[in-house]
Amino acid sequence: MKKQPRSSPRSSKSHRTVSIVGTGSYTPEKVLSNADLMRIVDTTDEWITTRTGIKERRIAAKDEQTSDMAAKAALKALEQAEVAPKDVDLILVATATPDMLFPATACFVQKKIGAKNAACLDISAACAGFLFGIEIAQQFITSHTHNTVLVIGAEKLSSITNWTDRNTCVLFGDGAGAAVLQHRGRAHGVISTHIGSDGQFTDILFMPGGGSRCPITKENAHMNLATIHMTGKEVYKQAVISMLNASKKALEQAGLTTEDIACVIPHQANLRIIEAIADRLKIPLERFYVNLDKYGNTSAAAVAMALDEANRTGRIKRGDYVLMVVFGGGLTWASTVVEW
Ligand code: ACO
């Protein structure tokens, strides 16, 4: 018999559970393969494949903004949820590549999809942003302040990639994923969530230029400061530790064990990180949903795009317990257990 999760203290207090009622995603048309990258930097398909598992990634068109991709993913999610844009009352866009520093990319999305009754804000939690958004949505819905929340993870990482740095440029891609959250009277939905950060590691994954600390000027324009800087080995180590701990916390809070989980949807950064987590959690790799071979690391969009693919291909089915777990610059991490 299927194990019942522990009731969330939040939902039992308010008797309001939160479900993901629709998902959507969008990827740009242009494919950049490992072979294409070999023509740009000193690398090989063999190096990229064995170190990361990535075979190709998508690159947005020059005039395609983060909000364009976000809006396309959002409309698909709304269509699946059978929710009209005018009925959305909160739009959260998780992104490290906003259209502009302000206004929020969520405001551009609002205009593009016609969600005129929504409040809009962006979430800056790097690759962990989409699940931070799920947590915020769940809080707003369970506290009865909002009914329909659109959570989007969207990135145009190609716009902040240093295309001369082989250590980083092979890793990233562009895309968007979205989810609609509502209370629909089901017994379960989002069962547990966990979010966390550690500001001690702000210097292992960051973009130093383009903010108030270091604006881009004529003098520093040649220094590639408005691009991703990363200490790969340290990021790798911290990614495994934090995703492992976050997974355990969400499971414990839900009163479930790894055996109960039908599918794990992890951050799509590197296959070796996912293998290390599978090994330590003792969950067979086949139960992990992986699509990073096609899209690379799309930061805040990654888990949202993977969730939509898993949903639309039937990899996750109604009643399944799904664990999502992510990690990003900050450092930030987040996890959630959902009954699909
Ligand atoms: N092609 C060929 N050689 C390369 C490349 C490349 N693209 N990149 C680096 N190398 C070389 C290095 O120069 C180094 O050469 P050297 O030994 O002569 O100095 C050698 O390969 C080994 O480099 P390492 O950095 O030791 O390689 P490692 O096994 O650590 O793999 C990687 C690098 C893939 C970046 C790994 O550290 C990693 O995955 N880290 C986590 C990255 C990540 O997940 N980042 C994003 C997460 S957060 C977010 O999503 C924003």
Side-chain angles (χ1 to χ4, degrees), residues 32-57 66 94-98 123-132 153-177 196-198 201-208 226-244 246 265-277 288 290-293 295-306 324-335:
L32 186 72
S33 68
N34 290 349
D36 295 329
L37 276 168
M38 286 166 63
R39 288 187 277 277
I40 302 174
V41 286
D42 180 15
T43 190
T44 60
D45 173 49
E46 198 265 334
W47 192 98
I48 302 170
T49 306
T50 54
R51 302 285 174 130
T52 71
I54 300 165
K55 298 299 281 182
E56 58 189 41
R57 65 290 291 143
T66 296
T95 186
T97 48
I123 299 170
S124 176
C127 310
F130 180 74
L131 292 193
F132 272 62
E155 299 284 10
K156 188 176 178 178
L157 291 178
S158 59
S159 68
I160 59 163
T161 296
N162 177 353
W163 291 104
T164 63
D165 176 16
R166 69 177 183 172
N167 291 292
T168 55
C169 77
V170 302
L171 303 174
F172 302 110
D174 301 333
S197 309
D198 189 345
F201 292 102
T202 46
D203 59 349
I204 64 169
L205 184 53
F206 64 116
M207 188 173 95
T227 60
I228 301 166
H229 287 51
M230 182 181 77
T231 311
K233 274 200 196 313
E234 189 58 24
V235 170
Y236 185 101
K237 201 171 103 193
Q238 296 303 328
V240 174
I241 295 169
S242 59
M243 288 192 2
L244 198 58
I265 306 182
H267 180 41
Q268 308 284 318
N270 182 318
L271 185 59
R272 286 191 299 149
I273 294 176
I274 296 172
E275 285 169 346
I277 293 162
F288 282 70
V290 178
N291 66 3
L292 60 82
D293 51 320
Y295 305 124
N297 179 354
T298 57
S299 189
V303 79
M305 284 163 56
M324 288 183 265
V325 59
V326 293
F327 157 88
L331 298 176
T332 51
W333 57 83
S335 55

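Throughout, numbering of the chain's residues begins at 1 and tracks the sequence. Atoms within each ligand, like the ligands themselves, are counted from 1 in listed order. Just so it is clear, the structure is predicted and the values come from calculations on it, not from any experiment.
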Problem set entry | Sole candidate of Arg272, Met230, Arg51 that passes side chain to side chain contact (heavy atoms under 4.5 Å, CB included) when paired with Tyr236 | Arg272
For this session: For residues Val303 and His267, determine if any side-chain heavy atom of one lies less than 4.5 Å from a side-chain heavy atom of the other.
Result: no
For this session: Among all protein heavy atoms, pick the one closest to atom 31 (O) of ligand 1 and tell me residue, atom and distance.
Result: Arg272 NH2, 3.4 Å
For this session: Please examine the side chains of Trp163 and Ser158, heavy atoms only from C-beta on, and report whether any two atoms are closer than 4.5 Å.
Result: yes
Problem set entry | Those residues that, when tested against Asp293, pass side-chain hydrogen bond (donor to acceptor under 3.5 Å, both in side chains) (two or more places apart) | none
Exercise. Which of the numbered atoms in ligand 1 are below 4.0 angstrom from a heavy atom of Ile273?
Worked result: 44 (O)
Problem set entry | For Val170, atoms of ligand 1 separated by under 4.0 Å from a heavy atom | 7 (N)
Exercise. Does a side-chain heavy-atom distance below 4.5 Å link Phe132 with Thr332?
Worked result: yes
For this session: State, with a plain yes or no, whether a side-chain heavy atom of Phe201 is found less than 4.5 Å away from one of Gln238.
Result: yes
Exercise. Which residue holds the protein heavy atom closest to atom 41 (C) of ligand 1, what is that atom called, and what is the gap in Å?
Worked result: Gly232 O, 3.5 Å
Exercise. Which of the numbered atoms in ligand 1 are below 4.0 angstrom from a heavy atom of Ala269?
Worked result: 44 (O)
Exercise. Could Glu234 and Lys237 be called an ion pair, given the rule that one side-chain N must be under 4.0 Å from one carboxylate O?
Worked result: yes
Exercise. Looking at Asn162, Asn297, Leu205, which one forms a side chain to side chain contact (heavy atoms under 4.5 Å, CB included) with Ile228?
Worked result: Leu205
Exercise. Where is the nearest protein heavy atom to atom 45 (N) of ligand 1: which residue, which atom, and how far?
Worked result: Met230 SD, 3.2 Å
Exercise. Side chains of Leu157 and Leu171: does their closest heavy-atom pair fall under 4.5 Å?
Worked result: no
For this session: Heavy-atom contacts with Leu205 under 4.0 Å: which atoms of ligand 1 show up? List them by number with element.
Result: 48 (S), 49 (C), 51 (C)
Problem set entry | Cys127 vs Val326, side-chain contact (heavy atoms from CB on, under 4.5 Å): CA-CA, chis, key distance, verdict | CA-CA 7 Å; Cys127 310; Val326 293; 5.8 Å; no
Problem set entry | Val235 heavy atom under 4.0 Å from ligand 1 | yes
For this session: Please write down residue, atom name and distance for the protein heavy atom closest to atom 27 (O) of ligand 1.
Result: Arg51 NH1, 3.1 Å
Exercise. Who's the nearest protein heavy-atom neighbour of atom 1 (N) of ligand 1, and how far?
Worked result: Thr43 OG1, 2.7 Å
Problem set entry | Short side-chain donor-acceptor distance under 3.5 Å, Thr97 and Glu155 | yes
For this session: Check whether any protein heavy atom sits under 4.0 Å from atom 18 (O) of ligand 1.
Result: no
Exercise. Of the protein's non-hydrogen atoms, which lies at the shortest distance from atom 8 (N) of ligand 1, and what is that distance?
Worked result: Trp47 CH2, 3.3 Å
For this session: Any atoms of ligand 1 less than 4.0 Å from a non-hydrogen atom of His267? List them with their elements.
Result: 49 (C), 50 (O)
Exercise. What's the shortest distance from atom 9 (C) of ligand 1 to any protein heavy atom, and which residue and atom give it?
Worked result: Asn167 OD1, 3.1 Å
Problem set entry | Nearest-neighbour protein heavy atom for atom 15 (O) of ligand 1, which is reported as residue plus atom name and distance | Arg166 NH2, 4.2 Å
Exercise. Thr52 heavy atoms, cut-off 4.0 Å: which ligand 1 atoms fall inside?
Worked result: 34 (C)
Problem set entry | Close N or O approach (Asn297, ligand 1; < 3.5 Å) | yes
For this session: Please check if any side-chain donor atom of Lys55 sits under 3.5 Å from a side-chain acceptor atom of Thr49, or the reverse.
Result: yes
Problem set entry | Subset of ligand 1 atoms that lie under 4.0 Å from at least one heavy atom of Asn270 | 34 (C), 38 (C), 39 (O)
Problem set entry | Atom indices of ligand 1 within 4.0 angstrom of Cys127 heavy atoms, with elements | 48 (S), 49 (C), 50 (O), 51 (C)
